[in-house]
Amino acid sequence: GEGEEAAEAPVPTEAEARERAERFGRSVQFKEPVVVRYRGTRFLKEFRQMLNNTGGTWVYFVPEEKPSNDPKKPNLPEVGSLSKHFVGKAWVDLRSLIRPGARATEALCDLRTAALGAEVMTEEPTLQASRAFVRLALELRGAPVAEPEPPIEDLRALAPPRKPLGKFPASSEASLKYREAVEASFAAICRDAGSGNAGAAGTARGGGQ
């Protein structure tokens, strides 16, 4: 009715504003959606140092003026200045890759103006004033921080295999066997002596008593 104040539209959150901008706003995309680069052990060493010291890195975006294909229709004079004005950078937080076994991450980062002072056009808005942002994804072939090895349940598995040691019989059993061997030897002597000389055999038998 007349005199009633119009209800104010709710202010969208940052996530809602970015979602709407991605769906309906202007955007710049890479020519190739996935860029693959091969790096060696030196890169991995520096990457780990970066994770330990800063936990992230700056990513720079440098637009370049594309020459006109038609000599009769050259680019506008301000195109070169605009490409320098909109040089930007974004801080990418990579601390999630510190988790053991992690090798992929995604980030939504604010774009900031990285143009030099003389290249900034005062009549044009800056990247941060335009609430510009960039969505990035990074995937490594191997995890920078390897997963820990599972604990060893049986510590005896660490010892190298060895042949079992020889076991000696109990002393009582050895003594019994020794006595049996002595008796068998004495009986054999007695048999040999009895077959050759009876007196000697009697002496031997008497000596054994």
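Here the straight-line distance linking atom OG1 of T57 with atom CG of D93 works out to 11.0 Å at 0.5 Å rounding. Rounded to the nearest 0.5 angstrom, L44 CG and Q49 CD are separated by 10.5 Å. Atom CG of residue L76 and atom CG of residue L82 lie 9.0 Å apart, to the nearest 0.5 angstrom. Here the OG1-CD distance, from T13 to E19, works out to 9.0 Å after rounding to the nearest 0.5 Å. If you take OG on S130 and CD on E124, they are separated by 9.0 Å, rounding to the nearest 0.5 Å. The distance from the CG atom of N52 to the CZ atom of R95 is 13.0 Å, given to the nearest 0.5 Å.
Listed by chain and number, the residues in a side chain to side chain contact (heavy atoms under 4.5 Å, CB included) with E183 are R179 (sequence neighbours excluded). Residues passing the salt bridge (Lys or Arg N to Asp or Glu O under 4.0 Å) test with R39: none are found, sequence neighbours excluded.
Between R112 and W91, the closest side-chain pair of non-hydrogen atoms is not below 4.5 Å. Considering only heavy atoms from C-beta on, V59 stays 4.5 Å or farther from K89 through its side chain.
In terms of heavy-atom proximity, V134 sits nearest to A90 at CG1-CB, 3.7 Å. The two atoms that bring P74 and S68 nearest to each other are CA-CB, 4.0 Å, heavy atoms only. G80 and S83 make their closest contact through O-OG, 2.6 Å (heavy atoms, listed as atom of the first residue, atom of the second, distance). Shown here for P148 and P100, the closest heavy-atom pair between the two residues is CD-CB, 4.0 Å.
At a threshold of 4.5 Å between side-chain heavy atoms, the hydrophobic network of Ile, Leu, Val, Met, Phe, Trp and Tyr places L108 and L127 in two separate groups.
Put simply, the side chain of R48 gets close to the backbone of P144: a donor and an acceptor are under 3.5 Å apart. Without hydrogens or angle criteria, Q128 side chain to T113 main chain gives a donor-acceptor distance under 3.5 Å. H85 contributes a side-chain N or O that, together with a main-chain N or O of P125, makes up a donor-acceptor pair within less than 3.5 Å. No donor-acceptor pair under 3.5 Å is formed between the side chain of T105 and the backbone N or O of L94.
Listed by first then second residue, pairs satisfying salt bridge (charged side-chain N to carboxylate O under 4.0 Å, His left out) with a partner in residues 136-148 read R103-E139, not counting sequence neighbours.
Remark: of the listed residues V87, L111, V28, L111 is the sole one forming a side chain to side chain contact (heavy atoms under 4.5 Å, CB included) with F61.
Using a 4.0 Å cut-off between a side-chain N of Lys or Arg and a carboxylate O of Asp or Glu, R42 and E46 qualify as a salt bridge.
Atom CD of E123 has more than 12 neighbouring heavy atoms from other residues, nucleotides or ligands inside a 6.0 Å radius. Crowding of E106 atom CD: a count of heavy atoms from other residues, nucleotides or ligands under 6.0 Å not exceeding 12.
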